[in-house]
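Just so it is clear, the model here is predicted, and its values are computed rather than measured.
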Number of protein chains: 2
Amino acid sequence: MVKELDEKNEALPDHVGWRLWQASRAWQAEFGAAMRAAGHAWFTEARAGLLGHIPRGGTRQSALIERSATSKQAVQQLLDGLEAEGVLERLPDPRDGRGKLVRYTRKGLDALRDGDRVKLQIEHDYVSRIGRHRFAALMDALRSLDAGPADGSQEAPETK
Amino acid sequence: MVKELDEKNEALPDHVGWRLWQASRAWQAEFGAAMRAAGHAWFTEARAGLLGHIPRGGTRQSALIERSATSKQAVQQLLDGLEAEGVLERLPDPRDGRGKLVRYTRKGLDALRDGDRVKLQIEHDYVSRIGRHRFAALMDALRSLDAGPADGSQEAPETK
DNA sequence: TCCATATAGTCAAGATACTTGACGATAGTC
DNA sequence: GACTATCGTCAAGTATCTTGACTATATGGA
């Protein structure tokens with residue numbers, strides 16, 4: 001029944017959600033490929049998402065669970081994997097007998113360093129592709145979206 | 001409540017990839033929740049991602065595989081699920097005995113209609129949160145990123 | 001102090017999404 | 001007809017995430 005209609009580029013989505021999703025996936029694919037190419041074979045997107053919530057100085061596991069938008073069991077399983085890979089280590093929290101502290105190992109810190117380098121490379125590439133002005137506008141809009149889910153009367157807050 | 005000693009807000013990421021990821025996840029969570037609330041209990045993010053590649057007029061399964069960035073087996077399994085849910089149907093391609101055509105059922109078209117409505121609602125909310133100008137700049141930047149991965153001649157370099 | 005409740009983390013089982021490998025069927029080409 | 005490429009399926013395994021049940025420690029009264 002379908003003639004060529006199907007072959008002539010029927011419109012693909014062009015709304016914020018789709019664009020954000022495509023852009024996010026493209027970034028992650030590029031970043032992950034670069035990280036694995038840099039020798040961090042353990043690097044996956046799910047793990048990267050978790051690591052993004054762990055500051056360089058480490059954190060308590062419970063704080064990590066609050067920040068990430070998943071269940072504590074999911075966080076735990078990702079931590080198990082990262083600990084087994086030698087990227088992180090878990091220590092008992094001296095101030096709370098129930099808690100544990102999550103900390104980067106040397107291997108983990110090395111990965112963070114490489115990650116920073118790759119991020120800069122990708123960002124530089126993006127700027128060269130769409131221009132400094134568009135890139136700045138992109139970041140501004142994304143920060144504004146993140147900042148004001150409930151308060152629409154504010155400009156972008158200070159860049160702390 | 002919380003002892004503030006080690007809660008001093010160690011910096012969380014603030015780069016393009018992170019911002020895109022967070023924004024994308026937020027959009028998808030909102031969209032998915034609205035769709036499920038609208039009665040489309042079968043709606044998941046993975047399925048939504050696939051449906052995004054299926055135009056209203058349907059498509060060939062092989063074309064779908066090319067568009068989506070995963071394996072043909074992953075596509076097939078998602079199609080199996082969507083077919084079982086009655087959202088899609090697969091017909092033999094009259095022009096190619098090997099191929100199949102993927103088409104929306106009535107139920108699927110109803111979901112598309114609700115999806116369009118939800119998208120507009122979310123977009124309207126975004127505009128009210130960050131302003132028409134920022135929103136337009138966001139879409140412009142995202143489209144530019146998608147358009148020119150290899151050709152940077154769209155905008156003058158304007159470096160510095 | 002003792003007890004009730006909340007919090008931090010673990011263990012176990014299952015669902016979903018995705019991957020690789022192997023395979024049969026049809027199409028296109030010679 | 002034979003060779004090769006494409007289309008789709010079947011099967012098995014991995015990664016990620018979810019729910020439910022459980023232990024241990026902390027906290028806040030009575």
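Contact check, A:Ser62 against C:dG9: a side-chain N or O comes under 4.0 Å of OP1 or OP2. Contact check, B:Thr70 against C:dC18: no side-chain N or O comes under 4.0 Å of OP1 or OP2.
Side-chain atoms of A:Ser71 lie closest to D:dT19 of the nucleotides D:dT19, C:dC11, C:dG21. Side-chain atoms of A:Arg47 lie closest to D:dT16 of the nucleotides D:dC10, C:dT10, D:dT16.
Checking side-chain atoms of B:Arg129 against main-chain N and O of A:Leu145 turns up a donor-acceptor pair under 3.5 Å.
Below the 3.5 angstrom threshold, one finds no donor paired with an acceptor across the side chain of A:Lys100 and the base of C:dG9.
Outside the 6.0 Å centre-distance limit, the rings of B:His15 and B:Trp21 are not counted as a close aromatic pair.
The interatomic distance linking B:Gln73 (CD) with C:dA22 (C1') rounds to 10 Å, in whole Å. Atom CD1 in A:Ile65 sits about 10 Å away from atom C1' in C:dT7, given to the nearest Å. Rounded to a whole Å, the CG atom of A:Leu78 is 15 Å from the C1' atom of C:dT10. Rounded to whole angstrom, the span from the CD atom of A:Gln77 across to the P atom of D:dT19 amounts to 12 Å. As rounded to whole Å, 18 Å separates atom P of C:dT7 from atom CG of A:Leu64. A:Gln76 places its CD atom 11 Å from the P atom of C:dA12, with the value rounded to the nearest Å. Whole-Å rounding puts the A:Phe43 CZ to D:dA15 C1' distance at 15 Å. Straight-line distance from the CD atom of B:Glu45 to the C1' atom of D:dT18: 14 Å, rounded to whole Å.
Looking at residues two or more places apart in sequence or on another chain, you find no side chain to side chain contact (heavy atoms under 4.5 Å, CB included) involving B:Pro92.
Aromatic ring orientation, A:Phe31 versus A:Trp27: parallel (interplanar angle below 30°, classes split at 30° and 60°).
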Apply side chain to side chain donor-acceptor pair (under 3.5 Å) to the pair A:Glu66 and A:Ser62, showing each step before the final yes or no. CA-CA 6 Å; A:Glu66 286 174 21; A:Ser62 59; 5.4 Å; no
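Between B:Lys100 and the choices B:Gln76, B:Glu89, B:Gln61, the side-chain contact (heavy atoms from CB on, under 4.5 Å) rule is met once, by B:Gln61. Screening B:Leu82, B:Leu79, B:Leu101 for a side-chain contact (heavy atoms from CB on, under 4.5 Å) involving B:Arg90 leaves a single residue, B:Leu79.
In this structure, B:Ala46 reaches the sugar-phosphate backbone alone: every heavy-atom distance under 4.0 Å involves primed, P, OP1 or OP2 atoms, never a base.
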If you restrict it to nitrogen or oxygen atoms, what contacts under 3.5 Å exist between nucleotides 27-30 of chain C and the protein, and what is each distance?
residue	atom	partner	partner atom	Å
C:dA27	OP1	B:Gly97	N	2.9
C:dA27	O4'	B:Arg98	NE	3.4

